[in-house]
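Beneath this line is the structure, given in structure tokens, with notes to follow.
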Amino acid sequence: LDMVFITLAEMIVAPLSQALASSFSDDKSRGRTIGIYGMATSLGRVSGSSISALLMTSFLYRPIELWGAISTFGIISSIIYLLMFYHRKF
């Protein structure tokens with residue numbers, strides 16, 4: 001049942017995120033932008049599983065520190081996203 005929800009969510013998010021990445025570029029560099037987006041998402045999937053395995057083995061019996069580390073990654077990602085969003089030329 002979980003895989004059904006994950007698949008449905010991915011079917012909704014993937015086209016929307018590619019459209020968003022496409023909207024950040026002009027017509028000349030659209031292919032390069034989509035390529036960089038694909039590379040970044042693939043890198044995120046690979047590094048995410050490695051980092052989560054490292055965190056789970058290091059902080060398995062210390063849940064406060066585990067969630068603190070996870071929250072830190074989320075906050076840093078949010079700050080980077082906001083900086084990129086505010087520096088975008090409209």
Side-chain angles (χ1 to χ4, degrees):
L1 185 63
D2 291 341
M3 288 305 295
V4 171
F5 288 118
I6 290 171
T7 302
L8 288 174
E10 191 170 288
M11 288 171 54
I12 293 169
V13 169
L16 292 176
S17 61
Q18 287 182 357
L20 183 64
S22 176
S23 72
F24 284 131
S25 65
D26 56 356
D27 290 338
K28 292 180 182 178
S29 64
R30 183 155 294 144
R32 181 174 30 159
T33 303
I34 296 297
I36 291 171
Y37 169 77
M39 182 180 66
T41 55
S42 298
L43 182 65
R45 288 184 180 129
V46 168
S47 62
S49 61
S50 301
I51 291 171
S52 64
L54 178 70
L55 287 173
M56 286 300 289
T57 57
S58 300
F59 299 116
L60 183 60
Y61 298 109
R62 297 176 299 199
I64 301 296
E65 293 174 14
L66 174 65
W67 284 105
I70 292 170
S71 299
T72 302
F73 281 121
I75 290 169
I76 290 171
S77 298
S78 298
I79 291 170
I80 291 171
Y81 176 77
L82 288 173
L83 289 174
M84 288 173 53
F85 181 75
Y86 287 124
H87 286 0
R88 179 179 176 209
K89 296 175 184 166
F90 292 100

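The structure presented is a predicted model; accordingly, all values stated were derived computationally and were not measured.
Closest approach of S29 to D26, counting heavy atoms only: OG-OD1, 2.5 Å.
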side-chain contact (heavy atoms from CB on, under 4.5 Å) between T33 and S22, intermediate numbers included: CA-CA 7 Å; T33 303; S22 176; over 6 Å; no

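The line from OG1 of T72 to CD of E65 is 11.0 Å long, rounded to the nearest 0.5 Å. A distance of 10.5 Å separates OG1 of T7 from CG of D2, quoted to the nearest 0.5 Å. Here OG of S23 is found 12.0 Å from CD of Q18. Values are rounded to the nearest 0.5 Å. Atoms CG and OG, on L54 and S49 in that order, are 11.5 Å from each other to the nearest 0.5 Å.
The shortest distance between side-chain heavy atoms of L60 and L66 does not fall below 4.5 Å. Within the 4.5 Å cutoff, the side chain of I64 has no heavy atoms near those of the F59 side chain. Residues F73 and L55 form a side-chain contact, since some pair of their non-hydrogen atoms from C-beta on lies under 4.5 Å apart. Side-chain contact between D27 and R30 is present, with heavy atoms from C-beta onward closer than 4.5 Å.
A continuous path of ILVMFWY side-chain contacts below 4.5 Å connects W67 to Y61, so both sit in one hydrophobic cluster. One hydrophobic cluster, built from ILVMFWY side chains closer than 4.5 Å, cannot hold both L43 and Y37; they sit in different ones.
Not a single donor-acceptor pair under 3.5 Å links the side chain of S42 to the backbone N or O of M39. Judged by distance alone, the side chain of R32 and the main-chain N or O of K28 form no donor-acceptor pair under 3.5 Å.
Atom CG of L16 is surrounded by more than 12 heavy atoms from other residues, nucleotides or ligands within 6.0 Å.
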